[in-house]
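Some notes on the structure that comes next.
Numbering of ligands and ligand atoms starts at 1, following listing order. In this chain, residues are counted from 1 in sequence order. Scope of the values below: all heavy atoms of this structure, side chains included, with no hydrogens, waters or symmetry mates.
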Amino acid sequence: MTKSLNYEKKNGWLHAADEKEIALQFCEKYKDFLNHACTEREFCKEAEKMAKAAGFVPMKEKKSLQPGDKIYSINRGKGIMLSVIGTEPMESGVNLVGAHIDSPRLDLKQNPLFEDGSMAFLKTHYYGGIKKYQWFATPLSMHGRVILKDGTELDLSIGGEDDDFTFTVTDLLPHLADEQQMKKVKEAFDGENLNILVGSMPVAGDEVKAPIKEYILQYLHDTYNMEEEDFLSAEIEMVPAIKQKDVGFDRSMIGGPGQDDRVCAYTAMEALFSVDAPKHTAVCLLVDKEEIGSMGNTGMRSRFFENMIAEICFLQKAENNISVRRCLSASKCLSADVNAAFDPAYANAYEKNNASILGYGVTISKYTGHGGKSGSSDASAEFVAEIRKLFNDNGVIWQTAELGRVGVGGGGTIAQYVANLDIDTLDCGTALLSMHSPFEISSKMDVYMTYKAYKAFLAR
Ligand code: MN
Ligand code: MN
């Protein structure tokens, strides 16, 4: 019989059946990690703990670097770069897996607290691309950093699923929503109405002008020593108060918030921890601000990555600026971000031959973008072929996909900003259903194959 020349995607549950138990076990750790790392700051903190346990040390404590050394640098508490030094010099390039650890959410405004209708609320400004209706009438938890007047730093994590209270945004009852329901979905839910309900109990006394607000201020003062002015410098995020859960009778999937892009960030980090003395220095870079355009000094467009590469070159005694430039030119990157899994309920948004299918392994995307590939880093045939061979040689179940049907929309990742540094870059990550919603769905097989893909790439 002649071998078929057909290409067909492979279902991971069938083609990697012997790895099923390993995949399921891996995802238990993944769920647990995500439940403790709800924001970029929390992710960064947990990542540092894990890195230390795996033998990584802060780069600034190093006087020089040898092959096999494991180091990390934290960027303002919101990003982290972890590296395992390779046997080859830096000028031969690094293998980089870059992911983002920020997710769509509701940020508190700087002056958020007000009282109306005998209730107290906090005003928000949403962060990233959300379908606003998904954030009404659902429990939300509060996370973030407050700096008190005297400089005391406070990390908040309040109202998660196991706590005794939570927060929410109210929605209009259907009985009175005729007018709202006639509007376009985009217009029916006003971003300015995404106010967090935080109290309804007044303090006593006729002279208090806003007694419900006053109650909240007294509570915050008694509990955290906070004053209202402390909100003005704070960074507080509201995220769905939902833990990561198994989905389906077969428990083959995981549902929960913020898997974009913590699924790729977590698998990238675990992949790096499995690497010992690679030929090329292996780097896992976890950045912030991807969901709002990768801006700012914690986003991928900042110089942080280049600066850290320069530091490593310096610690390897390559004290020449050209070494940094040569290192970047010779480097290779998997831009680790999620893709959209095919959803039969919305089949028209996809083109099935070029869509990710849940359970068919990690997804690579030669390009992303929208409206004629606009805003995309289009990886070269050579680099895609190199990664394809790497995955085939290492038993990685993988598939290719575009983000949706031509002309229906699109999206981008950090790929273009990494590629701008003269680095070969390919998008590679896990496919999700209900992306950017408070309950995103991944396949456990795909999560595991994402880890396996990054591991094969970083171990080279
Ligand atoms: Mn993403
Ligand atoms: Mn996203």
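- Screening residues 22-43 for salt bridge (Lys or Arg N to Asp or Glu O under 4.0 Å), with sequence neighbours left out, gives E28-K31, K31-D246, E40-R105, R41-E235.
- S141 and D163 share no donor-acceptor pair across their side chains, judged by distance under 3.5 Å alone.
- Side-chain atoms of T267 and T450 form no donor-acceptor pair, as typed in the model, at a separation below 3.5 Å.
- Look at K45 and D155 and you find a salt bridge, because one of the NZ, NE, NH1 or NH2 atoms lies within 4.0 Å of a carboxylate O, short of that distance.
- In this structure, Y30 has its ring center no closer than 6.0 Å to that of Y448.
- Below 30°, between 30° and 60°, or above 60°: for F33 and Y266 the angle between ring planes is between 30° and 60°, a tilted geometry.
- For the Mn ion (ligand 2), the tally of protein N/O/S atoms lying closer than 2.8 Å stands at 4.
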